[in-house]
Amino acid sequence: MDYRIEHDSMGEIKVPSDRYWGAQTQRSHENFLIGVGLEEMPQEVINAFGILKKAAAIANNRLVPERMTGEKLEAISKACDEVISGRLSDHFPLVVWQTGSGTQSNMNANEVIANRGNEIAGKKLLHPNDDINMSQSSNDTFPTAMSIAAVTGIEDRVIPAAEELIGTFKRLEAENEGVVKSGRTHLQDATPIKFSQEISGWRTSLEKDVKLLKLAAKELKELALGGTAVGTGLNAPEGFDIEVARAVSEITGKAFVTAPNKFHALTSKDEIVFAHGAIKALAGDMMKIANDVRWLASGPRLGLGEIKIPENEPGSSIMPGKVNPTQCEAVTMVAVQIMGNDAAIGFAASQGNFELNVFMPVIIYNFIQSARLIADAMISFNKNCASGIEANGEKMHSNLHNSLMLVTALNPYIGYENAAKTAKKAYNENISLKEACLALGFLSEEEFDRVFRPEDMV
């Protein structure tokens with residue numbers, strides 16, 4: 001491999017000649033061989049760095065044009081656009097397991113943008129620290145990148161995926177409006193419910209989750225940028241924080257604002273904990289929905305068998321013809337991972353020592369993974385399972401009319417205790433509720449038929 005010599009405040013170091021990164025990136029690349037090839041900084045964070053570095057250059061040009069000239073702005077903007085597009089992804093090799101402030105990833109962005117910008121300009125125009133990092137510190141850029149990446153993940157991936165599944169449930173509700181089945185509580189038979197009502201519970205859970213996600217995203221739109229090293233804004237021109245938030249908004253089309261208290265923005269990660277909590281709530285609801293679906297589809301002969309789901313692949317290497325609820329299982333595993341991620345994020349966010357949290361890379365790594373996973377899981381579940389759910393009306397009718405909890409309809413006529421006696425006699429003697437009620441003399445056959453109408457109990 002061919003190398004070139006780069007230098008920083010610690011001296012010279014070899015850097016691959018075909019890479020835009022510089023000395024500080026190379027040192028981190030060599031010193032943190034932890035999870036290499038598996039746990040590099042998420043692409044979403046790299047994209048966010050491209051956005052914020054371009055925004056910083058725009059703000060600096062507006063405020064200090066004698067330092068951030070139009071020529072520099074043009075070269076930086078073009079290089080940043082390539083970062084945002086993913087074209088320069090191979091030039092961001094650093095792992096999550098680095099300094100807790102994300103300084104090395106910030107410098108990775110500075111070096112790549114400077115070197116690529118110089119290439120675009122055709123001369124040595126830009127310096128990583130003096131130009132690309134102008135008016136900034138790693139301590140305010142990395143949390144800003146976290147905010148941009150998190151908001152983008154929520155608004156552009158998670159919410160659209162949830163809304164697609166909500167649309168499928170709305171369709172299934174309409175298709176199953178007249179289908180009545182047995183309800184269940186505690187995994188035991190309960191009073192009747194329409195299948196459309198059961199589905200409406202799934203739909204409304206997701207709609208509530210979307211509301212929570214939108215609320216969380218709003219809080220994440222307060223940017224730390226402008227606080228520089230410790231929140232005081234040292235070395236940033238007056239008004240930089242407002243201008244850079246405006247520029248980020250212009251680039252992304254999202255309404256970002258400057259954080260009113262930079263001391264809070266640098267050290268506290270409560271907004272991202274709250275936002276991940278909304279993702280965890282969604283994961284919890286998806287686990288419940290997936291479990292409901294696989295229980296309702298259990299069988300096909302010896303389980304509940306009240307719904308049919310798509311048969312996507314063989315389910316066993318030894319049992320011919322077996323098909324399993326694999327999409328449901330994938331969703332539940334994703335939910336478990338997200339719950340684990342939430343614990344990691346919570347612990348990491350509690351470590352805001354003095355003026356800076358130094359667990360930021362692991363926080364955003366877990367957050368981005370959760371956002372990716374839940375969005376992908378919902379899309380897959382919707383496409384390969386939910387959209388093909390069909391009610392097994394015959395089995396639902398059979399289970400409904402075999403349920404002892406239909407006895408609840410008799411409470412107003414024979415009282416709770418007599419209804420309980422009826423249910424126990426029917427169960428112990430394996431007879432119908434009607435036979436038990438008549439045998440006990442609580443109602444005549446005519447009276448029973450008049451008040452016992454399961455389809456009217458919903």
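Computed from a predicted structure; not experimentally measured.
For S380 (side chain) and D376 (main-chain N/O), no donor-acceptor pair under 3.5 Å exists by modelled atom type. Between the side chain of D140 and the main chain of T228, a donor-acceptor pair closer than 3.5 Å is present. Side-chain N or O atoms of Q197 include one that pairs as donor or acceptor with a backbone N or O of V458 at under 3.5 Å. Remark: the backbone N or O of T25 is not paired with any side-chain donor or acceptor of S28 at under 3.5 angstrom. For the pair H91 (side chain) and V112 (backbone), a donor-acceptor distance under 3.5 Å is absent. Counting only distance, with no hydrogens or angles, the side chain of S249 and the backbone of F256 share a donor-acceptor pair below 3.5 Å. N324 places a side-chain N or O within donor-acceptor distance of the main-chain N or O of G315, the cut-off being under 3.5 Å. Remark: the backbone N or O of M378 is not paired with any side-chain donor or acceptor of N382 at under 3.5 angstrom. Formation of a donor-acceptor pair under 3.5 Å by the E39 side chain with backbone atoms of V36 is not found in this model. At distances below 3.5 Å, not a single donor-acceptor pair connects side-chain atoms of S403 with backbone N or O atoms of N399.
If you take OG1 on T144 and NZ on K53, they are separated by 9.5 Å, rounding to the nearest 0.5 Å. In this structure, OG1 on T141 lies 6.5 Å from CD on Q136, to the nearest 0.5 angstrom. To the nearest 0.5 angstrom, T103 atom OG1 is 8.0 Å from Q98 atom CD. Expressed to the nearest 0.5 Å, how far CD1 of I84 lies from OG of S77 amounts to 9.0 Å.
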* Hey, mind stepping through Q327 and N312 against side-chain hydrogen bond (donor to acceptor under 3.5 Å, both in side chains) and telling me if it holds? -> CA-CA 9 Å; Q327 290 294 319; N312 298 318; 5.9 Å; no

* Decide yes or no on side-chain hydrogen bond (donor to acceptor under 3.5 Å, both in side chains) for N108 and Q104, but give the supporting numbers first. => CA-CA 6 Å; N108 187 184; Q104 288 135 11; over 6 Å; no

* Evaluate the side-chain hydrogen bond (donor to acceptor under 3.5 Å, both in side chains) criterion for residues T152 and E44: first the C-alpha distance (whole Å), next the side-chain angles of each, then the deciding distance (0.1 Å), finally the verdict. => CA-CA 8 Å; T152 302; E44 292 87 341; over 6 Å; no

* Stepwise side-chain hydrogen bond (donor to acceptor under 3.5 Å, both in side chains) check, N341 with Q369 -> CA-CA 8 Å; N341 288 351; Q369 185 191 51; 2.9 Å; yes

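Of all the heavy atoms in F452 and L410, the pair that sits closest is CD1-CD2, 4.2 Å. Across every non-hydrogen atom of H401 and P454, the tightest pair is CE1-CG, 3.8 Å. The two residues A419 and V407 come nearest to each other via the heavy atoms O-CG2, 3.3 Å. I414 and T422 get closest at one heavy-atom pair: CD1-OG1, 3.9 Å. Scanning both residues, I363 and A348, for their nearest heavy atoms gives CG1-CB, 3.4 Å. The two residues N47 and V83 come nearest to each other via the heavy atoms OD1-O, 3.5 Å.
Two residues are said to be in side-chain contact when any heavy atoms from C-beta on lie closer than 4.5 Å; L400 and H397 fail this criterion. Side-chain contact between V331 and M287 is absent, with no heavy atoms from C-beta onward closer than 4.5 Å. Using a 4.5 Å heavy-atom cutoff, the side chains of K214 and V210 are in contact. N176 places none of its side-chain heavy atoms less than 4.5 Å from the side chain of K194. The closest side-chain heavy-atom distance from P361 to W97 is not below 4.5 Å. Between L304 and K395 there is no side-chain heavy-atom pair separated by less than 4.5 Å. Side chains of F142 and F49 form a contact here, defined as non-hydrogen atoms less than 4.5 Å apart. Residues V96 and P42 have side chains in contact (heavy-atom distance under 4.5 Å, counting atoms from C-beta outward).
With respect to E173 and K170, no salt bridge is recorded, no charged nitrogen being found less than 4.0 Å from a carboxylate O. A salt bridge links E445 with K434; the closest basic N to acidic carboxylate O contact falls under 4.0 Å.
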Check: residues 258-267 side-chain donor-acceptor pairs under 3.5 Å, at least two apart:
unit_1	atom_1	unit_2	atom_2	d
T258	OG1	K262	NZ	2.9
N261	OD1	F263	N	3.0
N261	OD1	H264	N	3.0
K262	NZ	D241	OD2	3.0
K262	NZ	A259	O	2.7
H264	NE2	D270	OD1	3.3
H264	NE2	E271	OE2	3.0
T267	OG1	G352	O	3.3
T267	OG1	F354	O	3.0

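K254 pairs with exactly one of V248, I148, L220, D156 by the side chain to side chain contact (heavy atoms under 4.5 Å, CB included) rule, that one being D156. The side chain to side chain contact (heavy atoms under 4.5 Å, CB included) with R294 is formed by just one residue from the set N291, L296, D292; it is N291.
No more than 12 heavy-atom neighbours from other residues, nucleotides or ligands sit within 6.0 angstrom of CD on E394.
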